[in-house]
Amino acid sequence: MRTLIVDDHPLFSAGLRLLLSGSTTIEDIVCCEAGAEALALAAAAPFDLVLLDWNLGSTPSGAPLVRELKGVLPLARVVIVSGESSASLIKLAIESGAVGFVPKESSPALLIDALTVTAHGGIYLPVAVLVTDGSAGLQAVAKAAEGQAAPGGRLRSIGDAFPQLTPRQVDVLGRLIHGLPNKQIAREFDISDGTVKQHLNAIFRELDVQNRTEAVYLLAKSGVRFD
């Protein structure tokens with residue numbers, strides 16, 4: 001698994017690289033300190049996993065950088081490793097296309113667990129932070145997420161977890177969770193933007209969620225893989 005670590009603190013990057021090399025099967029690891037350098041590296045050769053500090057000392061960083069990285073690496077899993085961990089920041093990271101969020105104060109074991117979940121196509125969220133979100137809908141989904149699958153547990157497909165969805169709805173939801181915008185989903189399936197919106201409205205009704213972010217939280221709770 002080719003991995004890119006993006007953090008403006010070289011000492012942290014070096015420690016993270018050492019942890020991954022000693023505790024996982026990840027061997028091909030590249031480190032950089034700035035968003036522009038990360039984008040250049042991503043354009044030069046693909047990465048499977050990006051571990052990204054949310055606040056870099058230069059631009060782009062945060063949500064804009066996540067979106068740009070997903071544009072260059074649409075299939076890569078972006079996991080945020082941040083010194084900040086407010087519910088609003090986590091929500092923004094997920095909305096931008098990240099599939100995991102790990103606070104920097106977390107233990108090495110928790111980080112490895114998070115990477116195990118995302119490597120198997122799952123979504124890792126720090127539930128203890130999510131339940132403090134001010135949105136009632138997000139609180140309800142986040143509280144339910146306390147039962148999300150353990151890293152060693154078996155992740156289910158979207159279709160298995162939600163059999164009430166049609167095959168096309170499963171496909172659209174899978175692309176949505178990958179962070180693809182409606183227009184790109186429409187192009188991939190050769191349908192109109194309006195048809196994509198109709199599918200999403202039906203999906204949200206079936207899952208009893210209000211938007212993409214709540215859908216991501218629900219899939220995390222349900223132990224769903226999305227690859």
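All values below come from the heavy atoms of this structure, side chains included, with hydrogens, waters and symmetry mates left out.
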- Message: Pair Ser85, Glu105 - check side chain to side chain contact (heavy atoms under 4.5 Å, CB included), show working.
- Response: CA-CA 10 Å; Ser85 55; Glu105 66 266 23; 3.8 Å; yes
- Query: Between CD of Glu95 and CD1 of Ile90, what distance do you get to the nearest 0.5 Å?
  - Reply: 12.0 Å
- Name all residues meeting the side-chain contact (heavy atoms from CB on, under 4.5 Å) criterion together with Gln164; count only those two or more places apart in sequence or in a different chain, and write none if there are none. Phe162, Glu206, Leu207
Show every donor-acceptor pair shorter than 3.5 Å between a side-chain atom in residues 34-60 and any protein atom, with sequence neighbours excluded, or say none if there are none.
| residue | atom | partner | partner atom | Å |
| --- | --- | --- | --- | --- |
| Asp48 | OD2 | Arg2 | N | 2.7 |
| Asp53 | OD2 | Lys104 | NZ | 3.4 |
| Asn55 | ND2 | Glu84 | OE2 | 2.3 |

- Query: Under the side-chain contact (heavy atoms from CB on, under 4.5 Å) test, which residues partner Leu110, sequence neighbours left out?
  - Reply: Val102, Ser106, Ser107, Tyr124
- Note on the structure: Heavy atoms of Ser13 and Ile5 approach each other most closely as OG-CG2, 3.8 Å
- Between the CG atom in Leu11 and the CG atom in Leu16, the distance rounded to the nearest 0.5 Å is 11.5 Å
- Derivation and outcome, salt bridge (charged side-chain N to carboxylate O under 4.0 Å, His left out), residues Arg175 and Glu188: CA-CA 9 Å; Arg175 301 307 188 275; Glu188 183 167 337; 2.5 Å; yes
- Message: I need the full list of salt bridge (Lys or Arg N to Asp or Glu O under 4.0 Å) pairs touching residues 159-171, with sequence neighbours left out, sorted by first then second residue.
- Response: none
- Message: Just verifying a value: how many Å separate His9 NE2 and Glu33 CD, rounded to the nearest 0.5 Å?
- Response: 9.5 Å
- Closest heavy-atom pair, Ile80 versus Ala98, reported as atoms and distance to 0.1 Å, is CG1-CB, 3.9 Å
- Give the intermediate values and the outcome of side chain to side chain contact (heavy atoms under 4.5 Å, CB included) for residues Cys31 and Arg17. CA-CA 8 Å; Cys31 298; Arg17 182 173 189 166; 4.0 Å; yes
- Query: Distance from Thr3 atom OG1 to Ile29 atom CD1, nearest 0.5 Å?
  - Reply: 6.0 Å
- Any donor-acceptor N/O pair, Lys70 side chain to Ala76 backbone, under 3.5 Å: yes
- Which value, rounded to the nearest 0.5 Å, describes the distance between Ile158 atom CD1 and Leu165 atom CG? 8.0 Å
- Quick one: closest heavy-atom pair of Leu115 and Leu20, and the distance? CD1-CD2, 3.4 Å
Distance-only check: which donor-acceptor pairs under 3.5 Å involve side-chain atoms of residues 189-204, not counting sequence neighbours?
| residue | atom | partner | partner atom | Å |
| --- | --- | --- | --- | --- |
| Ser192 | OG | Thr195 | N | 3.1 |
| Ser192 | OG | Thr195 | OG1 | 2.9 |
| Asp193 | OD2 | Lys183 | NZ | 3.0 |
| Asn201 | ND2 | Lys197 | O | 3.3 |

- Message: Tell me the closest heavy-atom pair linking Val66 and Ser96, and the distance in Å.
- Response: CG1-O, 3.5 Å
